[in-house]
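Working notes for the structure below.
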2 protein chains.
Amino acid sequence: MADIARMAGVSVSTVSRCLNGSPLVNAETRRRVEELAKSLNYTINLGAKSFRLQENRTVAVVVPYDRDSRQHISDPFFLTIVGAIADVLTARGFDMLLSRVDADHLDQAMRGVEMGKACGLLLIGQWRHHDQLNELAARHMPVVVWGAELPQQLYCTVGGDNHAGGLLATRHLIEAGRRRIAFLGDARLPEVLHRRQGYWQALRDAGLAPDPALELPVSFAPAAARAPIEAFFAAHREVDAVMACSDLLALEAVRALRAAGRSVPAEVSVTGYDDMALAAYGTPALTTVHQPVAEAAEALVDALMQMLAGERVAPLTLPVHLVVRDSSLRATG
Amino acid sequence: MADIARMAGVSVSTVSRCLNGSPLVNAETRRRVEELAKSLNYTINLGAKSFRLQENRTVAVVVPYDRDSRQHISDPFFLTIVGAIADVLTARGFDMLLSRVDADHLDQAMRGVEMGKACGLLLIGQWRHHDQLNELAARHMPVVVWGAELPQQLYCTVGGDNHAGGLLATRHLIEAGRRRIAFLGDARLPEVLHRRQGYWQALRDAGLAPDPALELPVSFAPAAARAPIEAFFAAHREVDAVMACSDLLALEAVRALRAAGRSVPAEVSVTGYDDMALAAYGTPALTTVHQPVAEAAEALVDALMQMLAGERVAPLTLPVHLVVRDSSLRATG
DNA sequence: ATGAAAGCGCTAACAA
DNA sequence: TTGTTAGCGCTTTCAT
């Protein structure tokens with residue numbers, strides 16, 4: 001910038017004003033400076049600028065990974081929502097700093113924000129970190145979490161209506177004439193917990209008693225989930241339906257059921273969750289609970305922006321709906 | 001930092017030295033400073049630090065989106081490789097700045113690097129920007145592109161062996177007894193171009209003449225591709241196999257073929273490309289060309305690091321292999 | 001082992 | 001309309 005100033009025969013302030021579109025500069029001066037900048041292939045140093053301005057238009061997006069399963073979260077849902085968030089952020093002129101952190105060291109995620117790399121944090125998946133998150137909120141860290149709304153929650157969440165999702169899926173299975181409905185998902189995660197409550201309620205509404213033996217707490221990581229799922233369906237031949245907490249898990253269930261010699265959907269109905277591309281193209285095409293990914297991304301960013309503007313933001317629960325496809329078709333006759 | 005210095009009764013220089021692990025500080029002083037920092041919940045301001053040091057450990061990753069199809073690239077392959085890159089970068093202590101830019105304004109992508117937000121650029125998809133990319137390379141911008149190696153290429157690419165992929169898939173279809181093999185993909189993209197050359201070669205090797213009428217140049221965006229694919233298979237009932245350039249396109253082809261009353265794989269064999277989760281769980285499970293995503297991410301980052309270290313980096317082509325599943329099974333008998 | 005001081009590239013009073 | 005100046009938070013000579 002100093003070079004340009006010298007070459008244009010003006011001061012750096014003037015150059016700064018030009019490059020920032022200040023209305024206080026002479027048209028002729030501006031032209032000269034802009035030309036010079038272009039020809040020197042100069043662009044303003046944003047690091048210095050945001051340092052000086054103490055301003056920051058970068059949002060950190062953190063996707064925790066599961067150390068238990070010793071492998072990264074490849075669930076298409078997480079990747080998809082990250083893509084959607086990237087679009088929303090881009091549209092609003094924000095940068096997105098993406099990182100993955102060990103789900104057991106979530107505090108690491110905050111460093112970026114504390115250290116001034118980002119102005120706020122979007123956490124994709126609340127995992128089992130309710131307390132840590134509450135602490136953050138208490139420290140007024142601008143953070144919005146994709147997840148479930150919990151009692152005594154100080155932080156802001158945006159999430160799908162998990163209770164409704166579980167209810168919808170299970171009720172649908174019951175209406176298809178099923179009675180022994182297995183539940184696949186780790187209820188230590190709040191979202192899964194709520195889905196299970198919906199599942200329970202649908203059962204009770206139909207006069208059925210939830211059976212703990214039919215609940216299999218598996219991780220979202222398909223590699224880790226495969227063996228337990230196979231063992232489960234080999235052992236539980238009385239199962240006539242499955243409510244899985246992700247499309248991938250549902251597909252794994254189908255696979256295991258078929259390996260155990262059971263036919264889907266004729267003998268066993270299966271529902272997935274999320275409604276990713278996989279579900280539509282799966283074998284069979286999955287009946288699944290649709291989560292509104294694009295709206296979710298928009299809502300997450302909105303919430304963070306409000307928070308940054310100093311407003312207090314209430315948790316938001318987005319509606320979900322059931323998409324009926326082949327995997328839950330009632331056997332005809 | 002000034003606060004800490006005052007409270008510890010030392011100078012800011014000393015505090016700086018402590019926090020950066022300099023060996024020149026008294027153990028007792030260090031202890032006091034570190035304690036203070038912890039209790040004040042202080043972390044160093046990275047913006048200021050990297051500004052001062054003129055250093056930057058952020059890599060920009062850009063996923064172009066296609067404006068033609070008026071919609072964002074949701075192809076699972078792109079999202080998956082982004083996730084893998086995030087992991088690699090995290091492991092090496094780099095941050096990842098993710099953005100999406102209009103494929104027709106790729107120059108925008110560079111701004112971030114030029115402006116000092118990032119120290120280098122990873123571009124996922126070279127699209128039709130060979131010339132632009134060459135220009136960048138000439139300007140010594142540290143950029144590595146996921147894509148195909150082209151003649152007279154000045155920039156560094158890392159990519160799968162597209163020629164081999166096209167050859168492998170097509171040869172497999174021919175061995176399954178197919179003769180009228182359609183090709184789905186937009187050959188304006190270099191990667192697709194190479195796959196088509198492989199496809200042509202396999203045909204010629206078998207004494208078959210490539211038929212331009214069987215090539216359908218569709219976008220990777222499934223929404224944009226659906227209608228042309230349906231029209232194509234409704235019109236070309238002589239087709240007995242399909243080599244698609246992504247798993248999603250392959251599944252769309254299956255869908256269209258079935259809608260046109262043709263059975264897959266009994267009557268028509270189909271191969272996909274990429275080997276995403278979708279392929280394994282699809283209807284039917286897809287025979288597809290496996291792309292080594294994790295290795296690719298590693299290689300992309302490696303290449304960029306070497307480049308940053310001032311080395312000249314040669315383009316790299318990663319081996320691919322065919323995964324045979326149900327969609328190409330030869331009709332028995 | 002520690003402190004004083006300069007300066008990274010930029011912006012915003014304030015003065016002219 | 002433009003220039004002068006101070007300073008954002010940090011690191012790093014150079015003294016001490």
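All figures in this text were calculated on a predicted structure; none of them were measured in a lab. In the text below, chain A, chain B and the rest are named by the order of the sequence lines, each starting its count at 1.
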> On a plain distance test, is the side chain of B:Thr29 in donor-acceptor contact with the base of C:dA1 below 3.5 Å?
Replying inline: no

Do any side-chain atoms of residues 12-20 of chain B form donor-acceptor pairs under 3.5 angstrom with protein atoms, and if so which ones, sequence neighbours left out?
unit_1: B:Ser13; atom_1: OG; unit_2: B:Ser11; atom_2: OG; d: 3.4
unit_1: B:Thr14; atom_1: OG1; unit_2: B:Ser11; atom_2: OG; d: 3.3
unit_1: B:Asn20; atom_1: OD1; unit_2: B:Lys49; atom_2: NZ; d: 2.8
unit_1: B:Asn20; atom_1: ND2; unit_2: B:Ser16; atom_2: O; d: 2.9

> Is B:Trp146 close to B:Leu300 at the side-chain level, that is, under 4.5 Å between some pair of heavy atoms?
Replying inline: yes

>> Assess whether a salt bridge exists between B:Glu34 and B:Lys38, defined as any Lys/Arg side-chain N lying under 4.0 Å from an Asp/Glu carboxylate O.
In response: no

> How close or far is atom C1' of D:dT4 from atom CG of A:Leu24, stated in whole angstroms?
Replying inline: 16 Å

>> Could you tell me how far apart A:Leu19 (CG) and C:dG9 (C1') are, to the nearest whole angstrom?
In response: 12 Å

> Would you call A:Arg92 and A:Asp302 a salt bridge, taking side-chain N to carboxylate O under 4.0 Å as the test?
Replying inline: yes

>> For DNA chain D, which residues of residues 48-60 of chain A approach it to below 4.0 angstrom with any heavy atom?
In response: A:Phe51, A:Arg52, A:Gln54

>> If you compare every side-chain N and O of B:Ser13 against the phosphate oxygens of C:dG3 (OP1, OP2), does one of them come in below 4.0 Å?
In response: no

> Does A:Asn45 make a side-chain N or O approach to OP1 or OP2 of C:dC8 shorter than 4.0 Å?
Replying inline: no

> For B:Ser16 and D:dT11, is the shortest distance between a side-chain N/O and OP1 or OP2 below 4.0 Å?
Replying inline: yes

> Can you tell me how far C1' of D:dT12 sits from CG of B:Asn20, to the nearest Å?
Replying inline: 11 Å

> With sugar-phosphate meaning primed atoms plus P, OP1 and OP2, does B:Gly116 contact a base, only sugar-phosphate, or nothing at under 4.0 Å between heavy atoms?
Replying inline: nothing

> Rounded to whole angstroms, how far apart are CZ on B:Arg30 and P on C:dA1?
Replying inline: 10 Å

> Would B:Tyr155 and B:Asn134 satisfy side chain to side chain contact (heavy atoms under 4.5 Å, CB included), going step by step from the backbone distance to the final call?
Replying inline: CA-CA 6 Å; B:Tyr155 54 96; B:Asn134 264 341; 3.3 Å; yes

> Side chains of B:Met96 and B:Val59: closer than 4.5 Å at any heavy-atom pair?
Replying inline: no

>> Among D:dT11, D:dT1, D:dG3, which nucleotide has an atom closest to any side-chain atom of A:Asn26?
In response: D:dT1

> Parallel, tilted or perpendicular: which fits the ring planes of B:Phe78 and B:Phe220, with parallel below 30° and perpendicular above 60°?
Replying inline: perpendicular

> Given atom CZ of B:Arg32 and atom C1' of C:dT2, what is their separation to the nearest angstrom?
Replying inline: 12 Å

> CG of A:Asp3 versus P of C:dC10: gap in Å, rounded?
Replying inline: 10 Å

> Mapping B:Ser11 and A:Tyr42 to their closest nucleotides on DNA chain C, which lands nearer the 5' end?
Replying inline: B:Ser11

> Within this structure, what is the NZ-to-P distance between A:Lys117 and D:dG9, rounded to whole angstrom?
Replying inline: 18 Å

> Rounded to whole angstroms, how far apart are CZ on B:Arg17 and C1' on D:dT12?
Replying inline: 8 Å

